[in-house]
Amino acid sequence: MDLTGKIALVAGGTRGASRAIAVELGRAGAFVYVTGRSTAAGRSEVDRPETIEETVALVEAAGGTGTAVRVDHLVPDEVRTLAATIGAGHGRLDILVDGVWGGDHHLQWGKPVWEHDLDASLRMLHLGIDAHVITAHALFPLVVAAGDGLVVELTDGIPEYDAVFRQGTSTAFYVAKTAAHQLVKAEAFELAPSGGTAVAFSPGWLRSEAMLEIFGVREDNWRDAIAETPHFAISETPTFVGRTVAALAADPGRHELTGQSLDSGLLAKRYGVDDVDGSRPDGWRYMIEVERAGLPADPETVAKYR
């Protein structure tokens, strides 16, 4: 996974999967721009402690280089300024990972559209769709300039799982998260003449900072949560996600995947990538074939997907 000399941007790289992707791209040799709204100077509406400066510190601790730039990707002028900065410094953008979201706290679980707070619904749509289109509008000229640039649109879910409404979420959340599957089809078409590649990408059941807090565990004792939530046994670390995306970025044959919706489990099989404990979780296949099918999460079954 050699990305030496590559220029990368991880938009929304403050925490979770995006943070880990930034770290692994940096570890592989790319110079990584990390953007987001949470900085040492103040938190975003998500109101969590992680910052973009901390992400860059982790990139550097992994042996990489990068810089943090505060950007609200819903503000076109801020994204244009970011594009101008990258363009002036490098003239191209080899890897664009768009992980902008920060909408989970707006989700009122299980409420139908007429009962769900309208402002919260619209905010999720703005974060999940508008911010990604704004980012593409401003940054894609630099991706085109790279010649074989890669765009990764982060989302939550794969087409097979999203083929039916995700009961218990909400209309706006479902639309915001499934939009990526169609977005990359358009982006792939538009980038094709320059040799660029665009894919949607979803982590599996991610043990992010927030998820660990929700389950009341840490990374070193996360299995304690399985007693109450057996299907959590299929979960994966953010590092696993980062490794799979870095492997994709380093793959000279990645263009054959353009326009597709991918996930960590699928890419781990393609590239032979393991999680930090040596396992290889295939979360979405598990959630389709076991969790959604109502089957028990017994150790033998879980082992088939790890």
Side-chain angles (χ1 to χ4, degrees), residues 1 3-90 92-105 127 131-132 134-135 138-139 142 151-154 201 203 206-214 218-220 237-243 245-246 249 276:
M1 292 189 285
L3 298 173
T4 302
K6 300 296 185 181
I7 308 302
L9 164 63
V10 179
T14 315
R15 61 185 65 85
S18 298
R19 167 175 280 189
I21 291 169
V23 171
E24 296 307 317
L25 292 176
R27 191 191 307 278
F31 181 89
V32 187
Y33 286 87
V34 179
T35 65
R37 297 171 295 161
S38 294
T39 72
R43 297 183 180 187
S44 73
E45 67 190 75
V46 179
D47 195 27
R48 286 195 54 84
E50 301 85 15
T51 69
I52 53 176
E53 292 91 348
E54 290 173 350
T55 299
V56 171
L58 291 171
V59 170
E60 293 173 345
T65 56
T67 188
V69 185
R70 190 206 178 278
V71 177
D72 184 338
H73 284 259
L74 275 171
V75 181
D77 282 347
E78 292 189 16
V79 186
R80 291 189 188 104
T81 298
L82 171 67
T85 299
I86 297 174
H90 309 282
R92 71 185 197 281
L93 183 59
D94 301 294
I95 304 161
L96 168 56
V97 178
D98 193 340
V100 173
W101 173 234
D104 285 347
H105 65 289
L127 290 165
H132 289 248
I134 291 168
T135 300
L139 274 302
L142 292 174
V151 173
V152 181
E153 297 280 2
L154 262 63
F201 175 84
L206 188 70
R207 295 200 299 276
S208 64
E209 301 91 343
M211 185 63 70
L212 291 172
E213 287 185 12
I214 289 170
R218 305 176 306 276
E219 182 55 36
D220 62 357
T237 68
T239 298
F240 181 62
V241 175
R243 288 173 176 176
V245 173
V276 295

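Numbers for residues simply follow the sequence, beginning at 1.
- When all heavy atoms are compared, the tightest approach of His132 to Leu154 is CE1-O, 4.1 Å.
- Taking the side-chain hydrogen bond (donor to acceptor under 3.5 Å, both in side chains) definition, one finds that Asp104 meets it with Trp101, sequence neighbours left out.
- The closest donor-acceptor contact from the side chain of Asp94 to the backbone of Ile7 lies under 3.5 Å.
- Glu60 is linked by a side chain to side chain contact (heavy atoms under 4.5 Å, CB included) to Val56, counting only residues two or more places apart in sequence or in another chain.
- To the nearest 0.5 Å, atom CG of residue Leu212 and atom CZ of residue Arg207 are 7.0 Å apart.
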(request) Apply side-chain contact (heavy atoms from CB on, under 4.5 Å) to the pair Leu3 and Ile95, showing each step before the final yes or no. (result) CA-CA 10 Å; Leu3 298 173; Ile95 304 161; 4.2 Å; yes
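- Annotation for Pro76 and Leu74: closest pair CD-O, 3.4 Å, computed over non-hydrogen atoms.
- Within the 3.5 Å criterion, the main-chain N or O of Leu142 finds no donor-acceptor partner in the side chain of Arg92.
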(request) Determine, step by step, whether Phe201 and Val241 satisfy the side-chain contact (heavy atoms from CB on, under 4.5 Å) criterion, reporting the C-alpha distance in whole Å, the side-chain angles of both residues, the deciding distance to 0.1 Å, and the verdict. (result) CA-CA 10 Å; Phe201 175 84; Val241 175; 3.4 Å; yes
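- Once rounded to the nearest 0.5 Å, the distance linking OG1 of Thr237 with CZ of Arg243 reads 7.0 Å.
- Taking CD1 of Ile134 as the start and CG of Leu139 as the end, the distance is 12.0 Å to the nearest 0.5 Å.
- One distance of note links CZ of Phe31 with CG of Leu9; it measures 11.0 Å at 0.5 Å rounding.
- Heavy atoms only, all atoms of each residue included: Leu93 and Ala8 are closest at CD1-C, 3.8 Å.
- Qualifying side chain to side chain contact (heavy atoms under 4.5 Å, CB included) partners for Val71, counting only residues two or more places apart in sequence or in other chains: Thr35, Val69, His73, Glu78, Val79, Leu82.
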Which donor-acceptor pairs under 3.5 Å do the side chains of residues 21-28 make with protein atoms, sequence neighbours left out?
residue, atom, partner, partner atom, Å
Glu24, OE1, Arg27, NE, 3.0
Glu24, OE2, Arg27, NE, 3.4
Glu24, OE2, Arg27, NH2, 3.1

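- For Glu45, the side chain to side chain contact (heavy atoms under 4.5 Å, CB included) partners at least two apart in sequence or on another chain are Arg37, His105, His106, Arg123, Leu127.
- Closest approach of Pro238 to Ser208, counting heavy atoms only: CG-CA, 4.3 Å.
- When each of Thr67, Leu96, Ile52 is paired with Tyr33, the side-chain contact (heavy atoms from CB on, under 4.5 Å) condition holds for Thr67 and for no other.
- Distance OG1/Thr51 to CZ/Arg70: 12.5 Å, rounded to 0.5 Å.
- Across all their heavy atoms, Ala17 and Pro203 have their closest contact at CB-CG, 3.7 Å.
- Note on residues 5-15: pairs passing salt bridge (charged side-chain N to carboxylate O under 4.0 Å, His left out), not counting sequence neighbours, are Arg15-Glu50.
- The shortest non-hydrogen separation linking Ala11 to Ser18 is O-OG, 4.4 Å.
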